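What follows is one structure encoded as structure tokens, with my remarks underneath.
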Amino acid sequence: MDYNHREIEPKWREQWASSGLYKVTNDVSKPKYYVLDMFPYPSGAGLHVGHPLGYIASDIVARYKTQKGFNVLHPMGYDAFGLPAEQYAISTGVHPAVSTNENIQRYRSQLDNLGFNYDWSREVRTCDPSYYKWTQWIFIQLFEHYYDTEFDKAVLVEALIEKFNAEGNVNIQAVTSQTEFFTADQWHEKDEVEKAEILMNYRLAYRKIGYVNWCEALGTVLANDEVKDGVSERGGHPVERRPMMQWSLRITAYAERLLSNLDTLDWPDALKAMQQNWIGRSEGAQMFFDIDGHDIQLEIFTTRPDTIFGATYMVIAPEHDLVELLTTPGQKTEIEACITYVKNKSERERMAEVKEMNGAFTGAYAINPFNQERIPIWIGDYVLKDYGTGAIMAVPSDDERDMNFAKKYQLPIIDVVDKSKYPGATLHDKLGIIINSDFLNGMEVPEAIQLMFEKIEAMGIGKKRVNYKLRDANFSRQRYWGEPFPIKYDEKGIPSALGLDELPLELPDLDDFKPTADGKSPLSRLTSWVSDGTFERETDTMPGFAGSSWYFLRYMDAGNEEEFASAQAVDYWKEVDFYIGGAEHAVGHLMYSRFWHKFLYDKGLVPTEEPFKKLVNQGMIQGVIESIYLLKSGEANQHHFYSEELTESMPEAEFAKIPVHVDYVAKYGSPDSHLNPQGIASFCEWRPEYKDAIFHGSAGSGTVAQLPQDFKLMTKSEVGKMSKRYFNVVNPDDMVDRYGADCFRMYEMFLGPIEQSKPWDTKGIDGVSKFIRKFWNLIHFEGVLKISDEKPTAEEYKILHTAIKKVSDDIERFSLNTTISNFMVCVNELKRINCNKREIIHELVKLMAPFAPFITEELHARLGGEGSVHKTQYPVVNEAYLVEDSVVYPVCINGKKRDELTVPNGMPPAEVEKLVLGMDGLEKWLDKPIKKVIVVPGRMINIVV
RNA sequence: GCCGAAGUGGUGGAAUUGGUAGACACGCUGGACUCAAAAUCCAGUGCCUUCAAAAGCGUGCGGGUUCGAUUCCCGCCUUCGGUACCA
């Protein structure tokens with residue numbers, strides 16, 4: 001019989017499940033290997049062909065490592081809290097728990113279809129109380145610790161209180177937002193509320209004012225994703241940034257370790273660079289400027305203290321605490337107008353803008369401590385409150401944005417750095433000779449910076465300091481579908497953590513998921529849950545990254561009810577050896593997980609400082625978006641569609657692009673893609689609002705009922721996201737049904753390098769399908785198994801061992817697309833010589849088992865193998881079979897290949913050179929004198945003329 | 001704007017350390033088999049000039065280093081990801 005995946009795949013799927021083949025024990029006698037996928041958010045759309053790309057790759061690695069003798073942990077779970085389920089609930093009334101559960105069921109069946117070797121007994125769901133009990137528990141630990149810079153680790157807040165009692169905070173070395181010092185006596189005099197506020201400034205989980213996107217019209221806080229061009233995506237309503245008291249995590253305490261430990265990781269350099277830039281360490285000076293007529297000082301941070309004589313104005317963020325105080329009555333209107341304007345801009349817009357900045361003068365002046373000059377203090381949208389100190393000294397001559405701001409508001413510009421000695425240097429390079437700067441004149445910039453550090457410290461107006469761009473993470477969401485905070489507030493508003501016996505604090509049931517009128521979380525509607533008269537619960541919930549920051553630890557001991565994971569389990573599995581997931585998580589998720597892990601490490605709860613030893617980012621599989629052009633300025637009820645070629649001469653803005661279901665498009669994805677009359681008919685049936693539309697093409701115009709002969713409406717094809725909204729989703733289930741999971745898996749790998757994004761093209765899968773049948777037919781003739789037990793020839797061994805070598809090398813360097821090519825080459829070669837030798841084929845079956853688990857299991861059984869092929873030892877190359885007795889050299893003249901030369905293996909270069917010069921047929925290129933002959937042993941020959 | 005990545009035939013891609021550009025597939029063309037089609041098999045297929053032989057050009061664009069550059073360096077262009085509340 002011919003290979004039939006519909007029979008064979010379900011058979012083994014059931015067999016594996018019933019025998020528990022993929023169950024993993026914490027068997028300490030074997031070396032461990034932990035392979036992890038970034039767990040998915042179970043969206044309502046189900047998996048599309050892009051999702052499994054990384055899962056297939058990790059499955060191959062997991063199976064390969066198993067065959068190499070490791071005890072492999074390869075788990076899967078769901079990142080199940082999130083915004084989409086909540087939005088779905090608001091629009092349909094379906095409870096997020098219900099829709100999430102349905103989505104998970106669907107994901108599970110889709111995943112099962114693909115033959116992964118996950119140990120499902122270890123599944124985690126972030127929305128499950130038995131899981132988020134420990135998310136809450138970790139949050140409480142963060143709440144109860146502060147970061148001590150003397151020991152360089154997290155320490156209990158209780159220990160801090162003891163120190164406060166004994167000696168105040170003068171000797172405390174900590175990462176803190178506390179700026180005022182106090183003695184033990186002063187500490188004792190403070191009341192409970194004041195003490196709680198001071199402790200907040202030290203805690204790793206703490207409360208502070210954060211800003212949210214508030215949309216008055218929708219009465220809700222919007223995610224950045226829901227804001228487009230400064231207005232809400234739904235409805236186009238104005239959005240403003242509104243302050244709110246929220247929980248934050250003090251990730252900045254770990255900035256230095258997050259940065260320096262990057263060196264220990266086997267991650268792509270590009271990714272490390274992104275994290276480095278995100279942390280953004282810079283050395284500079286913290287400086288305090290006196291303010292004319294005020295008792296207070298303005299704190300700024302600058303990396304360029306050497307340019308202080310060029311500081312012609314100061315800029316503070318419009319949200320800065322001092323704005324109100326500094327604004328003079330005369331400037332009030334202007335400042336308020338500016339603040340209102342800035343409120344309506346997102347942070348992203350404010351950072352992106354380098355040309356058109358906005359600001360206003362407060363009316364106040366800072367004093368330059370070096371020449372006592374008055375420097376006007378402005379507010380400006382390009383300074384962000386949470387960056388550094390939220391205040392800068394502006395040096396327009398040496399900073400592009402300061403320069404543009406100064407030009408716009410006609411502020412003076414003083415050149416302080418002469419860069420003429422360094423012609424290639426840009427403004428960002430710290431190079432040049434200082435001018436117009438009193439005692440700094442004539443110094444080189446780096447030298448001047450050093451001198452300024454010393455001066456500033458000597459004068460007591462500031463300190464050399466390290467600053468990070470990294471900001472503390474906002475940890476509050478005004479939403480329902482997330483982990484409730486295990487926090488309650490007493491009648492004075494002082495927060496305290498719940499005890500372990502009160503966990504999990506379960507998310508209460510609710511039937512109205514809309515936020516309240518004043519923008520509070522939906523949970524605040526449940527007054528009976530919120531308050532019992534003596535205390536009030538926190539009603540915000542945690543963000544998506546809470547549950548995903550530690551899930552990889554839970555897999556190690558998923559059912560544990562006493563701890564997040566037992567010490568034995570954590571000591572055995574330690575860290576993730578191989579982590580694969582999307583590049584879109586390069587900073588967010590990976591940074592937060594590293595932070596939490598380091599915190600747990602400080603507490604002695606995990607044995608490694610880093611959670612993910614090796615990491616690979618997989619690319620996205622994109623779809624082709626097909627759309628047709630709709631004329632915008634038609635009469636209200638008469639639609640006109642234009643063929644793509646007709647739109648080229650008209651302004652693009654006149655057309656709206658209407659996505660078309662790709663099933664209707666002929667020559668889908670090619671430049672010739674179009675709707676034929678049949679496609680147009682399908683389109684009109686699918687979108688009845690266009691059933692009377694007129695279609696214009698090169699062959700004429702007409703409605704769907706009366707189209708000209710050979711009518712074609714050319715469509716626009718663009719590579720983009722595979723998504724429901726573009727009607728271009730390809731479901732892996734369909735592929736598995738038609739071609740089988742083995743074929744689908746191999747095709748996904750064959751598409752290209754795992755790290756690269758590439759468009760999906762169903763057509764190409766035929767090639768892999770043919771290959772699988774060819775492979776099967778090596779030992780099946782007219783449907784009957786036929787195997788030879790003869791001893792293989794040297795040629796057969798060579799074909800097999802070439803494949804073993806190449807495939808093993810490729811897996812080790814994670815080049816999975818080329819492994820598939822190598823299997824194809826191997827099978828093509830074996831087919832060419834009609835090899836059906838048991839010894840060869842059985843080894844090949846084991847070699848291919850990680851890639852195509854079903855067909856190899858079947859063949860293993862048919863070849864009389866014991867047990868499962870997935871527990872066999874992976875083939876090892878024997879180099880003896882690969883030795884060549886001759887070498888073919890390409891013969892190049894001036895780097896261009898002109899001929900070949902075959903010589904015995906190991907011939908010395910000098911002799912090869914002699915042979916080459918004696919070759920016939922090279923004369924016509926050798927009419928000029930030969931300058932040099934280069935022989936690279938085993939590689940090539942180049943003659944230079 | 002900033003940070004990161006990618007760009008090679010009609011298409012997906014290969015070339016592992018600077019050494020034969022286009023492996024392996026898809027598609028296309030021709031042929032075999034067939035009443036016919038599908039499936040399968042065989043041959044060809046970077047572009048251009050050409051009956052052919054043969055030559056020239058060719059890895060986003062413009063420069064550079066080198067005997068030799070898809071690979072290294074400098075400057076651009078385009079697309080994609082992230083940009084702190086999508087996941």
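By convention in this document, chain letters (A, B, ...) are assigned in the order of the sequence lines, proteins followed by strands, and residues within each chain are numbered from 1. Basis for what follows: all heavy atoms, side chains included, without hydrogens, waters or symmetry-related copies. This structure is a prediction, so every number in the text was calculated from the model and none was measured.
Residue A:Gly588 is out of contact with every strand shown, counting any heavy-atom pair closer than 4.0 Å. Within the nucleic acid shown, A:Gln478 comes within 4.0 Å of at least one base atom, counting heavy atoms only.
Taking atom C1' on both B:A14 and B:G7, the two are 16 Å apart, rounded to the nearest angstrom. Between B:C47 and B:A21, the two C1' atoms lie 14 Å apart (nearest whole Å). Comparing the C1' positions of B:U29 and B:U79 gives an interatomic distance of 33 Å, to the nearest angstrom. Rounded to the nearest Å, the gap between the C1' atom of B:U17 and that of B:A6 is 23 Å. When the P atom is used for both B:U59 and B:U70, the distance is 7 Å, rounded to whole Å. On the C1' atoms, B:G60 is 22 Å away from B:G56, given to the nearest whole Å. The P atoms of B:C3 and B:G64 are separated by 28 Å, rounded to the nearest whole Å.
Side-chain to base pairing of A:Gln246 with B:C85: one donor and one acceptor N or O lie within less than 3.5 Å of each other. No hydrogens or angles were tested; on distance alone, a donor-acceptor pair under 3.5 Å links the side chain of A:Asn942 to the base of B:C67.
Between A:Asn828 and B:A25 there is a side-chain polar atom (N or O) within less than 4.0 angstrom of OP1 or OP2.
Exactly one of A:Arg242, A:Arg350, A:Lys345 qualifies for a salt bridge (Lys or Arg N to Asp or Glu O under 4.0 Å) with A:Glu319. That residue is A:Arg350.
Cation-pi geometry between A:Arg773 and A:Tyr3 is not met: the NZ or CZ atom fails to fall both under 6.0 Å from the ring centre and inside 45° of the normal.
Salt bridge present: A:Glu829 and A:Arg832 bring a charged side-chain N and a carboxylate O closer than 4.0 Å.
A donor-acceptor contact under 3.5 angstrom links the side chains of A:Asp810 and A:Thr818, judged on distance only.
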